[in-house]
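Here the structure is a predicted model, which means the values were calculated and not measured. For ligands, and for the atoms within them, numbers begin at 1 and follow the listed sequence.
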Amino acid sequence: MSRPSPISPTVDFDRGGVQHGFLRLPYSRDDSAWGSVMLPICVVKNGSGPTALLTGGNHGDEYEGPLALYELARTLDPKDVSGTVIIVPAMNYPAFRAGTRTSPIDKGNMNRSFPGRPDGTVTEKIADYFQRELLPRADVVFDFHSGGRTLDFVPFCAAHILPDKKQEARAFAAVEAFSAPFSMKMLEIDAVGMYDTAAEEMGKVFVTTELGGGGTSRAETVRIARRGILNVLRHEGIVDGAVEKTRTSWLDMPSGDCFCFAEEDGMIETMVDLGEPIEAGAVVARIHSTGRTGQAPQEIRAKISGLLTARHFPGLVKAGDCVSVIAVVVE
Ligand SMILES: [Zn+2]
């Protein structure tokens, strides 16, 4: 028999109305012997319709999701809901409090920690609670991401190519309803341990985003996030009202050739901006070594033709950093 989760919710998932509470995870430490991590959670329930599980702050330095979800928790009226909306606006709460991608407690990257462990690190215990307690309740799972401190993206909503084509079609329909400027058929470079994979393996409709980055948010990307999440809930029939559709361009990441990585440390010069087209073979970025003058920059060339979808954000790069992502416009 598997060990129960150490996390106890202060909300009742079966009770109607709005509840604001916590997922309380005991965490004994120097400054609090019998202390806990208190993850904010909101449950809005009315009747017996489907359940949506909404998360932001899976990575702690991405802000469009938390900005959209704290507001949704504050404003969603149960009389507009048919079913249940579970909102966890800052999933890796210790990381979110620190403004870092990974947890300051254990360096855990939430999106590489699934299925988690009930007797593991703080990050693994949170992952385990989602894996065994929250994901099984959900019909639709929506997880907000942005680029964080080290990447910046054109704003897109995304789902994965899946072996189950019915599940895939439902996810892409929800992506279309979100109505970001771009919609992505996403390829992962490192899918092991992802929340996405855990949800998809349970047969859930899983939708995610990349909405900007740089360790902050913009007015436009926050507007996209707030409108988009309501659109998805309306599309799924969980919230009343019509989907506010706007034009979206579909992008595809056909292979690993989408990604370019730095092979040297240095100062990065992007040669195209986000959303601009680039041809295969063209220089997408140059990396200048700065230890002495007179040295030619390293040229990083696009392996495919497409549109610059993501770029490294800070001005300095290290060997191995993802410098650019190029996606292909499909319609
Ligand atoms: Zn992220």
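- Summary: ND1 is the N/O/S atom of H145 found nearest to the Zn ion (ligand 1).
- Because the distance cut-off is set at 2.8 Å, E210 fails to qualify as a neighbour of the Zn ion (ligand 1), as none of its N, O or S atoms comes that close.
- Residues T248 and S183 approach most closely at OG1-OG, 2.7 Å, considering heavy atoms.
- Within H59, ND1 is the N, O or S atom that lies nearest to the Zn ion (ligand 1).
- Ring centroid separation for the pair F153 and F182 does not come in under the 6.0 Å cut-off.
- Using a cut-off of 4.0 Å between Lys/Arg side-chain N and Asp/Glu carboxylate O, R74 and E71 are scored as salt-bridged.
- In this structure, F172 has its ring center under 6.0 Å from that of W250.
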